[in-house]
Student: 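Sharing a structure with you now.
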Amino acid sequence: MSLSLCRNVPLAPLTTFAVGGRARWFVSVSSPEQLVEAVKTARVKKLAYRVFAGGSNVVFGDRTFHGLMIQFRPKVKPCHWQGLTLTCQANLPLASLIKTAVSHGLAGLENLSGIPGTVGGAIVGNAGAYGQGIADCLTRVEIFDGRKTRWLDKKQCSFVYRESIFKRRDWLVLRAEFRLTKGDKKVLAKKSREIIKIRSEKYNPRLRSPGSFFKNVLVKDVSRATLAKLDQTKIRDGKIPAGYLLEAVGAKGMRQGGIRVADFHGNLLINDNHGTYRDVITLAAKLKKLVQAKFGIQLDEEVRYLGV
Ligand SMILES: Cc1cc2nc3c(=O)[nH]c(=O)nc-3n(C[C@H](O)[C@H](O)[C@H](O)COP(=O)(O)OP(=O)(O)OC[C@H]3O[C@@H](n4cnc5c(N)ncnc54)[C@H](O)[C@@H]3O)c2cc1C
């Protein structure tokens with residue numbers, strides 16, 4: 001199999017935040033086999049490489065990335081369904097996986113409705129919403145570890161809040177297997193529609209953003225003294241919303257170049273005027289400093305900086 005690489009490709013249009021420069025080499029692949037081939041090609045050509053998929057949680061650097069940027073292009077392809085088990089390619093849009101689950105009356109993913117991006121991207125970032133996480137009903141993941149293709153069971157993926165082993169290792173997520181529970185098709189479809197409606201009011205699809213910019217803060221990571229300074233009514237499910245901390249330091253509406261904090265949500269950065277990676281990291285650093293000074297809490301990015 002030989003893949004044709006493109007030169008000098010702009011990356012910003014491939015993301016929801018629309019930030020970033022170009023890739024000197026670029027390839028878009030749509031199957032796990034091609035993804036592995038792309039990595040092998042990078043190795044043969046002695047090029048550094050990075051992988052992304054739906055581009056809904058990444059910020060690319062302004063300068064040209066001199067290696068090979070690989071997109072595991074989102075592709076709708078039927079899942080393999082057997083009883084309570086669904087298996088799919090990692091570049092399946094998460095929305096398609098949920099649609100398949102709901103149409104078979106399988107419960108466990110419906111609260112993730114409306115999260116953009118692919119199944120693989122969701123696994124890497126351990127995506128979640130409305131009390132459900134992608135890892136809840138995941139059983140195993142097929143990966144390429146740089147040498148061989150193998151299956152990891154869920155335990156080996158080291159999932160914790162918005163984290164997985166895939167954020168620390170250069171492994172490719174190729175396929176995923178989920179074991180769901182029996183549910184009522186109509187109830188699940190209604191739930192899914194309701195969540196999409198709530199989300200569409202919160203995230204206007206015309207806004208260029210990567211979703212929540214910072215991770216919420218786990219209560220267990222914060223000292224008692226710090227905790228005592230916070231409005232306790234804001235703490236939910238053992239987490240301090242980053243949006244609450246940011247709003248308390250006056251983040252709403254703050255701007256750096258073409259990037260601004262939404263005036264309706266302290267944890268939403270919007271690119272409204274040719275924002276750059278430089279603008280993003282400058283604004284992010286300012287916000288972190290303000291939260292650190294007021295609360296003594298370190299915010300960490302949920303978004304991933306890639307090719308910087
Ligand atoms: C409007 C909006 C709302 C959002 N709401 C939520 C939410 O409610 N909850 C939530 O958790 N997230 C949310 N997100 C963030 C984002 O949608 C998720 O993190 C999503 O799962 C990312 O998938 P992706 O395919 O776009 O990944 P990308 O953005 O393309 O990549 C994300 C990371 O995963 C890596 N990656 C992607 N695919 C692979 C692969 N196959 N193998 C190895 N590494 C890979 C990339 O290197 C990168 O580090 C939101 C984003 C937006 C824009």
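When a ligand or atom number is given, it counts from 1 through the structure's own listing order.
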Student: Check each atom of ligand 1 against the heavy atoms of Thr16 and keep those under 4.0 Å away; list them by number with element.
Tutor: 53 (C)

Student: Tyr244 vs Phe295 aromatic rings, parallel, tilted or perpendicular, using cut-offs 30° and 60°?
Tutor: tilted

Student: Charged N to carboxylate O under 4.0 angstrom, Arg169 versus Asp145?
Tutor: no

Student: Classify the ring geometry between Phe52 and Phe26 as parallel (under 30°), tilted (30 to 60°) or perpendicular (over 60°).
Tutor: tilted

Student: Excluding sequence neighbours, so at least two apart, what forms ring pair (Phe, Tyr, Trp, His ring centres under 6.0 Å) with Tyr161?
Tutor: none

Student: Nearest to atom 20 (C) of ligand 1 by heavy atom, Pro116, Ser200, Ala127: which?
Tutor: Pro116

Student: Does Leu106 form a side-chain contact (heavy atoms from CB on, under 4.5 Å) with Leu84? I'd like the steps, not just the answer.
Tutor: CA-CA 7 Å; Leu106 297 175; Leu84 298 174; 3.7 Å; yes

Student: For the side-chain contact (heavy atoms from CB on, under 4.5 Å) test, which of Ile270, Leu283, Asp279 pairs with Arg260?
Tutor: Ile270

Student: May I ask whether Gly55 places a heavy atom under 4.0 Å from ligand 1?
Tutor: yes

Student: Is there a polar contact, in the sense of an N or O pair closer than 3.5 Å, between Gly211 and ligand 1?
Tutor: no

Student: If you round to the nearest 0.5 Å, how far is CD1 of Ile134 from CZ of Phe159?
Tutor: 8.0 Å

Student: List the closest protein heavy-atom neighbour of atom 25 (O) of ligand 1: residue, atom name, distance to the nearest 0.1 Å.
Tutor: Thr118 OG1, 2.7 Å

Student: Please test Arg179 against Thr139 for side chain to side chain donor-acceptor pair (under 3.5 Å), starting from the C-alpha separation and ending with a verdict.
Tutor: CA-CA 6 Å; Arg179 188 171 170 83; Thr139 43; over 6 Å; no

Student: Can you tell me how far the CG atom of Leu180 sits from the CG atom of Asp136, to the nearest 0.5 Å?
Tutor: 10.5 Å

Student: Under a 4.0 angstrom heavy-atom cut-off, which atoms of ligand 1 come close to Leu172?
Tutor: 42 (N), 43 (C)

Student: Provide, to 0.1 Å, the distance between atom 48 (C) of ligand 1 and the closest protein heavy atom, together with that atom's residue and name.
Tutor: Val58 CG1, 3.8 Å

Student: Looking at Glu110 and Lys185, does any basic side-chain N land under 4.0 Å from a carboxylate oxygen?
Tutor: no

Student: Which of the numbered atoms in ligand 1 are under 4.0 angstrom from any heavy atom belonging to Gly117?
Tutor: 23 (O), 24 (P), 25 (O), 26 (O)

Student: Is Arg278 reaching over with its side chain to a backbone N or O of Val280, donor-acceptor style, under 3.5 angstrom?
Tutor: no

Student: Is there a side-chain contact between Cys157 and Ile123 (heavy atoms, below 4.5 Å)?
Tutor: no

Student: Please compare Leu35, Leu174, Val51, Val59 and report which has the shortest non-hydrogen distance to atom 46 (C) of ligand 1.
Tutor: Val51

Student: Of the protein's non-hydrogen atoms, which lies at the shortest distance from atom 27 (O) of ligand 1, and what is that distance?
Tutor: Gly121 CA, 3.6 Å

Student: Is there a polar contact between ligand 1 and Ser209, counting only N or O atoms under 3.5 Å apart?
Tutor: no

Student: Using a 4.5 Å cut-off on heavy atoms from C-beta on, say whether the side chain of Val173 contacts that of Phe72.
Tutor: no

Student: Can you report which non-hydrogen protein atom sits closest to atom 29 (O) of ligand 1, along with the distance?
Tutor: Asn57 N, 2.8 Å

Student: Near Phe72, which atoms of ligand 1 are under 4.0 Å from a heavy atom of that residue?
Tutor: 41 (N)

Student: What residue and heavy atom of the protein are closest to atom 10 (C) of ligand 1, and at what distance?
Tutor: Gly128 O, 3.7 Å

Student: Give a yes/no on ligand 1: does Arg50 have at least one heavy atom closer than 4.0 angstrom to it?
Tutor: no

Student: Is ligand 1 under 4.0 Å from a heavy atom in the side chain of Tyr203, in the backbone, in both, or in neither?
Tutor: side chain

Student: So which heavy atom in the protein is nearest atom 3 (C) of ligand 1, and how far is it from that ligand atom?
Tutor: Arg199 NH2, 3.5 Å

Student: Sort and list the pairs that fulfil side chain to side chain donor-acceptor pair (under 3.5 Å) and have at least one residue in residues 281-291, not counting sequence neighbours.
Tutor: Gln256-Lys286, Lys288-Glu301

Student: Counting heavy atoms only, which of Phe166, Phe17, Trp171 is nearest atom 43 (C) of ligand 1?
Tutor: Trp171

Student: Do ligand 1 and Ala53 have nitrogen or oxygen atoms that lie under 3.5 Å from each other?
Tutor: yes

Student: Any nitrogen or oxygen of Leu306 lying under 3.5 Å from a nitrogen or oxygen in ligand 1? Just yes or no.
Tutor: no

Student: Output yes when a side-chain donor or acceptor of Thr41 lies under 3.5 Å from a complementary backbone atom of Glu37, and no otherwise.
Tutor: yes

Student: Taking distance alone, with no angle check, do Gly54 and ligand 1 share an N/O pair under 3.5 Å?
Tutor: yes

Student: Any side-chain heavy atom of Ile235 within less than 4.5 Å of one from Leu227?
Tutor: yes

Student: Does Ile115 approach ligand 1 within less than 4.0 angstrom via side chain, backbone, both or neither, non-hydrogen atoms only?
Tutor: side chain

Student: When you measure from atom 36 (N) of ligand 1 to every protein heavy atom, which one gives the shortest distance, and what is it?
Tutor: Val124 CG2, 3.8 Å

Student: List the closest protein heavy-atom neighbour of atom 12 (N) of ligand 1: residue, atom name, distance to the nearest 0.1 Å.
Tutor: Glu302 OE2, 3.8 Å

Student: Please check whether Ala90 reaches ligand 1 - meaning an N/O of the residue sits under 3.5 Å from an N/O of the ligand, judged on distance alone.
Tutor: no

Student: Check each atom of ligand 1 against the heavy atoms of Pro210 and keep those under 4.0 Å away; list them by number with element.
Tutor: 51 (C), 52 (C), 53 (C)

Student: Does Arg304 reach ligand 1 with a nitrogen or oxygen that is under 3.5 Å from one of the ligand's nitrogen or oxygen atoms?
Tutor: yes

